[in-house]
Amino acid sequence: MNGIDISSYQAELNAGIVPSDFVFIKATEGTNYINPTWREQAGQVTQANKLLGFYHFASTGNPIAEADFFISVVKDYIGKAVLVLDFEAGAINAWGNVGARQFLNRVKEKTGINPMIYMSAEVTRQFNWSTISTSNALWVAQYASMSPTGYQSAPWSDGKGYGAWSSAAIHQYSSSGSLANWDGHLDLNLAYINASQWNELAGRSSATEQNNNNSNSELEDDDLMKFTYEIIDAKTNKSQGTVYFYDGNKVVALNNIDQWKIITEIYKDTTGKSMKHYKWRTDAPWYIRFLQSINQKAVEVAWK
């Protein structure tokens with residue numbers, strides 16, 4: 001799987017439309033800083049049915065206090081997103097592996113979830129990580145160069161290994177990534193895990209997922225034939241701004257994002273699945289053929 005990680009440096013980025021299977025968002029740093037765009041971009045990720053993760057950038061304060069602060073901010077996403085300790089910069093000397101372990105253990109104690117840990121390949125070999133390597137998955141950073149690049153299927157590594165970890169779950173291989181729908185550079189990552197393993201790292205209950213699957217099998221096909229879509233202008237490659245909802249019978253234009261959220265939340269509660277969202281370009285008029293197929297000449301407007 002391919003993915004990106006973002007922070008307030010990409011405040012204008014729409015995480016839902018930049019190509020990716022997963023997105024990590026910086027949520028917090030230290031015990032006072034909260035990324036002002038984290039919640040908005042998290043909504044973009046979930047609405048696009050992408051995998052979500054949050055990271056805390058370690059400062060030089062008390063590791064337990066920083067863990068508590070991180071949890072207090074992302075608490076609504078516990079069990080839904082992968083949690084990560086970003087261990088670099090000043091924290092390397094201030095905390096060492098002892099402070100990092102305190103942070104990770106505190107998150108586990110408070111949430112029941114083992115967070116991932118992010119660090120450079122060099123730092124994996126700088127300390128003895130054997131006490132956490134079997135419980136906390138590794139997200140490693142190692143770059144071949146600073147040259148612009150798109151996604152890579154086999155990024156370079158120096159072949160020296162990752163200390164106590166036999167392998168990395170995710171490899172960040174560039175900070176100069178270039179992707180559609182964003183003009184700036186991006187951190188690019190390759191995940192060596194699949195979506196199911198991602199959800200396990202996030203703490204999603206396999207029993208709950210199984211129950212949802214069983215419930216879905218009892219639903220009528222018509223109940224699942226619901227989705228949202230938007231129209232992408234072929235010239236600008238940008239959305240025309242309106243989200244439409246097909247309820248199984250007709251198309252309704254939604255007035256605002258809250259209506260979209262309500263509809264998708266109800267759908268997920270009912271079916272156990274995320275509602276599909278499509279983007280149809282004006283130069284491939286699937287949406288016109290779709291409206292013709294359901295014999296609807298005009299789009300209705302949702303409640304105000």
Side-chain angles (χ1 to χ4, degrees), residues 1-30 33-38 40-42 44-45 48 50-60 70 81-95 100 115-127 137-163 165 167-193 198 201:
M1 301 192 297
N2 296 307
I4 60 175
D5 57 275
I6 57 177
S7 66
S8 59
Y9 289 110
Q10 295 87 22
E12 301 301 317
L13 180 145
N14 184 332
I17 65 173
V18 174
S20 63
D21 299 309
F22 61 88
V23 180
F24 282 112
I25 302 172
K26 179 178 180 178
T28 54
E29 179 177 342
Y33 176 79
I34 301 174
N35 175 7
T37 59
W38 80 270
E40 177 186 1
Q41 290 177 321
Q44 295 165 355
V45 173
K50 298 181 180 183
L51 299 170
L52 177 63
F54 295 113
Y55 69 88
H56 171 84
F57 188 94
S59 185
T60 57
F70 177 48
V82 171
L83 306 180
V84 184
L85 169 63
D86 182 350
F87 184 72
E88 57 180 303
I92 295 174
N93 291 325
W95 286 10
M116 297 187 70
I117 185 167
Y118 167 97
M119 66 183 76
S120 70
E122 181 181 354
V123 175
T124 66
R125 302 185 288 261
Q126 183 176 342
F127 299 98
L138 175 65
W139 176 12
V140 71
Q142 189 170 51
Y143 304 167
S145 73
M146 301 304 291
S147 300
T149 182
Y151 284 130
Q152 299 178 19
S153 60
W156 172 87
S157 70
D158 63 13
K160 297 179 181 179
Y162 306 123
W165 285 277
S167 62
I170 299 174
H171 180 180
Q172 182 190 84
Y173 54 86
S174 178
S175 61
S176 304
S178 178
L179 298 176
N181 300 323
W182 179 247
D183 292 332
H185 287 166
L186 290 167
D187 292 342
L188 300 186
N189 301 271
L190 176 65
Y192 301 104
I193 58 176
W198 181 287
L201 288 174

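Side-chain atoms are counted along with the backbone in the values below, which use heavy atoms only and exclude waters and symmetry mates.
W182 places no side-chain N or O within 3.5 Å of a backbone atom of E12 that could act as its donor or acceptor partner. Side chain of Q41 to main chain of W38: no donor-acceptor pair is present (N/O by atom type, distance under 3.5 Å, no hydrogens or angles). Judged purely by atom type and a 3.5 angstrom limit, H171 uses its side chain to pair as donor or acceptor with the backbone of Q142.
For the pair N189 and W139, the tightest heavy-atom approach, listed with the atom from each and the gap, is OD1-NE1, 2.8 Å. In this structure, F54 and A42 approach most closely via the heavy-atom pair CZ-CB, 3.8 Å. Across every non-hydrogen atom of D86 and Y55, the tightest pair is OD2-CE1, 3.5 Å. Across every non-hydrogen atom of G30 and S59, the tightest pair is CA-CB, 3.6 Å. The shortest heavy-atom contact between A168 and Y192 is O-CD1, 3.4 Å.
The shortest side-chain heavy-atom distance between L188 and Q152 does not fall under the 4.5 Å cut-off. Inter-residue side-chain proximity for P115 and V84 is flagged as unmet; no heavy-atom pair is nearer than 4.5 Å. Residues T37 and I6 have side chains not in contact (no heavy-atom distance under 4.5 Å, counting atoms from C-beta outward). Within the 4.5 Å cutoff, the side chain of Y173 has heavy atoms near those of the Y151 side chain. Side chains of S176 and Y143 form no contact here, defined as non-hydrogen atoms less than 4.5 Å apart.
Considering only residues two or more places apart in sequence or on other chains, A137 meets the side chain to side chain contact (heavy atoms under 4.5 Å, CB included) condition with M116, A169, L201. In this structure S8 satisfies the side chain to side chain contact (heavy atoms under 4.5 Å, CB included) test together with Y33, N35, P36, sequence neighbours excluded. Legend: residues meeting salt bridge (charged side-chain N to carboxylate O under 4.0 Å, His left out) with D183, ordered by chain and number and at least two apart, are absent. Every residue two or more places apart in sequence or in another chain that forms a side-chain hydrogen bond (donor to acceptor under 3.5 Å, both in side chains) with H56 is listed here: T28, E66. In this view, Y118 and Q172 satisfy the side-chain hydrogen bond (donor to acceptor under 3.5 Å, both in side chains) rule, not counting sequence neighbours. Remark: T60 engages A94 in a side chain to side chain contact (heavy atoms under 4.5 Å, CB included) (not counting sequence neighbours). Residues that satisfy the side chain to side chain contact (heavy atoms under 4.5 Å, CB included) test with E122, not counting sequence neighbours, are S120. Partners of N14 by side-chain hydrogen bond (donor to acceptor under 3.5 Å, both in side chains), not counting sequence neighbours: none found.
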Donor-acceptor pairs under 3.5 Å, side chain of residues 18-26 to any protein atom, not counting sequence neighbours: which ones?
residue	atom	partner	partner atom	Å
S20	OG	V18	O	3.4
S20	OG	K50	NZ	3.2
D21	OD2	N2	N	2.8
K26	NZ	E29	OE1	2.6

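Each of I92, L85, T124 was scored for a side chain to side chain contact (heavy atoms under 4.5 Å, CB included) with M119, with one residue passing: T124.
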Next on the checklist: Please determine whether side chain to side chain contact (heavy atoms under 4.5 Å, CB included) holds for the pair W156 and S145, giving the CA-CA distance in whole Å, both sets of side-chain angles, and the decisive distance to 0.1 Å.
Outcome noted: CA-CA 9 Å; W156 172 87; S145 73; over 6 Å; no

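Once rounded to the nearest 0.5 Å, the distance linking CD1 of I117 with CH2 of W165 reads 5.5 Å. Taken from OG in S167 to CD1 in I193, the straight-line distance is 10.5 Å, to the nearest 0.5 Å. Distance CG/L179 to CD1/I17: 11.5 Å, rounded to 0.5 Å. Here the CG atom belonging to D187 is positioned 4.0 Å from the CG atom belonging to D5, to the nearest 0.5 angstrom.
For residues 138-162, the pairs satisfying salt bridge (charged side-chain N to carboxylate O under 4.0 Å, His left out) are R125-D158, with sequence neighbours left out.
Annotation for Y9: atom OH does not count as buried by contact number, only 12 or fewer foreign heavy atoms lying within 6.0 Å.
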